[in-house]
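Excluded from the calculations below are hydrogen atoms, water molecules and symmetry mates; all remaining heavy atoms, backbone and side chain alike, are included. In what follows, chains are A, B, ... by sequence order, proteins preceding strands, each numbered from 1. Computed from a prediction, not measured in an experiment: that's the story for all the values here.
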Amino acid sequence: MVDKVINICFILLGLLFLTKSYPLLSRGLGSNSISPGFFPFVLSILLLIVSLISLFFKSSVYEKVDIKRLLIFIVAIISFVVLSSFTSFFIFIPVLVAVLMKFFNIWKIKSYIIFAVAFTGFIYLLFSVLLKVNL
Amino acid sequence: MFEVFVSLLSLDMLFFLVVGVLVGSLIGTLPGLTATMGIALVVPLTFWLEPSQGFAMLIGLWNSAIWSGGISAILINTPGTPASICTTLDGYSLTKQGKARMALEINTIASAFGGLFSTFVLILLAFPMSRAALKFGSSEYFAIGVFGLTMMISIGGDNIMRSLSMGLAGLLLATIGTDAIVGLPRFTFGNINLFQGINFIAMLIGALGLGEVFFQIINSSRGKRENNSIVFGDERVGLKTLKSISLPSIAAAVVGTVIGAIPAAGGDIASIIIWGQGKKFSKDSFGKGSVVGLAVTCVANNAVLGGALITMLTLGLPGDTVTAILIGSLISYGIQPGAQMFQDNTALIYTIIWLMIFANIIIIVYGLSMTKLMSKFLSLKQEFIWVSVIVLSIIGTYALQYSFFDVGVMLCFGVLGCFAKYYNMPLGPLVLGFLLEPIIESNFNRSIVLSYGSLNFLWTRPITLVLLSASVISFLGSIVFSRKKSKK
C-alpha cells in the first residue's frame, strides 16, 4: 500500500510538471533551439511512465511510522522558526531546547541550564561574532 | 605548487583544517551522524570564509569523518558512517579479543595511508585527465551527466524503478526557476523566492541532515548505544603487523581509488568489494579478527576520497553525495568544477591536494594520540546531538541568504528525507539529479543548436556514444540483476 501511495505521489508530481511545461513548449528562440518547456516535458512523461509501471509491482511491507511523534516535533520546530522571525533566534533557542528536552524525556534543570547557556553561547560566538551573521 | 604549500602553513588555514578534522572525528565517531550530514551542516558556515579556508574545513571534516566512522565500528560494532560497515566485521572481533587499541591504531594508519595513496594518484592523474577533458564538447558533457546519474540510479538501492523515479524527480525539481537560455521563469507559481530555483544547500541540509535526525527520533526507542566494558588492551601495532598488512593495503588502495573515481560508487561499496575479495584470496581468517581484513577495509574507505576528487575536479561530476555538496559549494564561490578549473583556478586545485595530504597527516597524529579519548564521544547523549543538529540546520540555512523561505524549503526536504529513509527511497539519485540537471539540460540544448536541430550528435561523437551506451548497459544490467535477486 505504501509503495502505491509513493508512486501516486510521483504521478502527481509528473502531472504537475507536465501541465505546467506544456505551455512553455512554444516559447523557444528559433527552429534549431529547444524551448524551455522541452526538457521538463520529457522528464515528466518519463516520470509518469516509470511511476505507472511501478504501480503494478508488488508492494513491500514497512513498519508503521510514528507520525504523531514526528508531527509534534515538526510543530515545535515551525513555531520556533515563526516566533524567531518576529524577534531573534537567540531568544527562542533556550525555549526550543527546553521543549525538546522535555519531548525527549531528558529534562533536568541543571543539565538544561548548562546546555542551553553553552549552546546559545556557542551559536552566538560562531554566527554573530565569528561569521558576522545578523540573527 | 610550492607557493600553495607555503600559504597552507599559515595559521588560519591550519586552524580551519584542524577544526574540520576535530568536527569530523566527532561526527564520524557518533553512529547516525554521517560525513554527508556533517558536510551539509558545515557548508553554510564556509560561505563566510575564503574558498581555500572553507575547503580546508570541508576536506578535514570529510577525511576525518570517514576515518573515525571506524572507531564506533571497532568499539561497539556499530558503523559510525555507512563506509565503515565492513570495519565492524574484523574490528569488533578484535575488540572482543581485548585488542581494541591495536584495532584503532590499524584503523588510523590504514585510513591515512588510503587517503594519502589516493591523493598521490590524484596528483598523477588529475592534470593529464583535465587536459583530455578540455577537448570535450557539450555533447560529451551531456553524456557524462547522463552517465553519472545512471550510475547512481543503477547502484542507488534494491528498487531500481524507485531510484529512477527519485533521479527524475531530482531533475524535475532542478528545472524550477529562471530558464538559463530564454530567461523565462519556470514552475515558480508566481513566487519570487523560486525565481532563482530551490536553494541546493537548503535542500541538502534538509534531506541529508535534518531528515536523518527526524528518522532517528522516530526510531529512537528501537536501539540504544552501549559502550560499557570496552577493553582497550596493551597490544599495539608493531613492525610485524605493518609488514603483514602492507601488500594487501596497497592492493586495497588501488581498488579503492578506482572505485572512488566511478561516479556514485562510495566507500561502502569499495570496502564491501575489497573485504569480499580479500576473504577469497587471503589466508587470514577474515571476519574473526583478521588485522588484514580490518586494514583493507579502512584503506579502501579513505582511498575512495581521492578517487572521487579526480572525477569531481576533472569532469565536474559528483562521485557521491559528499562530492555533490562540494561541487555545490564551489559553484556558490563562483567556481565551476571541471577541466576549465585547472586553467582558471590552478591554485585552488593545488590547495585541495595539499589539504588532502595535511588532513591525513593530522589524522595520524590525532588518531594515534587521542583515540582513547575520542571513544568518550560515544557516551554523549544522542538527544543533545539531535537538538544541536536541529538548531544548527535552521540557523545555518537561514544564514545562507537571510531567508525564511529557505528554512521552509529545508524543513520540507527534512520531512521528505525522513520518509525517504523510512521507505527505502534512495536520496542519492534525487540529489545528484538536482545537481546534474543544469549540466545535462544546458549541454543538451547547446548540442542541438550546434548540430542545427538534429540529434545526430548522440551517435556521431564517439565519446558521447560510448558514455550513453555505458549508461544504457549499466541501467539494463542493474534491472536484470535486481530481477534475478528478487527471484532468488
Requested in this report: Name the region of B/Val387, side chain, backbone, both or neither, that has any atom closer than 4.5 Å to a heavy atom of chain A.
Outcome: both
Query raised in the report: Is the side chain of A/Tyr112 donor-acceptor paired with the backbone N or O of A/Pro94 at a distance under 3.5 Å, no angle test?
Result: yes
Report summary line: Given A/Ser85, A/Ser54, A/Ser84, A/Gly14, the one with more heavy-atom pairs under 4.5 angstrom with chain B than any other is A/Ser85
Query raised in the report: Relative to the ring of B/Tyr402, is the ring of B/Tyr398 parallel (under 30°), tilted (30 to 60°) or perpendicular (over 60°)?
Result: perpendicular
Report task. Heavy-atom pairs under 4.5 Å with chain B are the metric here; pick the option from A/Leu70, A/Val82, A/Leu13 that has the most. Result -> A/Leu70
Requested in this report: Please examine the side chains of B/Leu210 and B/Phe413, heavy atoms only from C-beta on, and report whether any two atoms are closer than 4.5 Å.
Outcome: no
Query raised in the report: Given that the side chain runs from C-beta out, which part of A/Val2 has a heavy atom under 4.5 Å from chain B: side chain, backbone, both or neither?
Result: side chain
Query raised in the report: Contact part of B/Ile390 toward chain A, heavy-atom cut-off under 4.5 Å: side chain, backbone, both or neither?
Result: side chain
**Report entry** Centroid-centroid under 6.0 Å between A/Phe80 and A/Phe92 rings
**Finding:** no
Query raised in the report: Quick one: of A/Ile123, A/Leu96, A/Val81, A/Ile93, who has the most non-hydrogen atom pairs under 4.5 Å with chain B?
Result: A/Val81
Report summary line: Bottom line for B/Leu450: the part with an atom under 4.5 Å from chain A's heavy atoms is neither
Query raised in the report: Around atom CZ of B/Phe189, are there more than 12 heavy atoms of other residues, nucleotides or ligands at under 6.0 Å?
Result: yes
Report task. Quick one: sort the A/Tyr22 and A/Phe41 rings into parallel, tilted or perpendicular, breaks at 30° and 60°. Result -> tilted
**Report entry** Part of B/Leu411 lying under 4.5 Å from any heavy atom of chain A
**Finding:** side chain
Query raised in the report: Do other residues, nucleotides or ligands put more than 12 heavy atoms under 6.0 Å from B/Phe47 CZ?
Result: yes
**Report entry** Among the listed options A/Phe103, A/Phe39, A/Phe73, A/Phe119, the residue most often paired with chain B at heavy-atom distances under 4.5 Å
**Finding:** A/Phe39
Query raised in the report: Checking B/Thr175 against chain A: side chain, backbone, both or neither under 4.5 Å from a heavy atom?
Result: side chain
Requested in this report: Decide whether a cation-pi geometry holds between A/Lys20 and B/Phe187; the criteria are a distance under 6.0 Å from NZ or CZ to the six-membered ring centre and an angle within 45° of the ring axis.
Outcome: no
Query - Which of A/Ile77, A/Val97, A/Asn105 touches chain B most, by non-hydrogen pairs under 4.5 Å - result: A/Ile77
Query - chain A contact via B/Met425 - side chain, backbone, both or neither, heavy atoms under 4.5 Å - result: side chain
Report task. Examine whether an atom of B/Phe404 lies under 4.5 Å from a heavy atom of chain A, and if so say whether it belongs to the side chain, the backbone or both; otherwise answer neither. Result -> side chain
Report task. Show your reasoning for whether side chain to side chain contact (heavy atoms under 4.5 Å, CB included) applies to B/Val18 and B/Leu22. Result -> CA-CA 6 Å; B/Val18 169; B/Leu22 291 177; 4.1 Å; yes
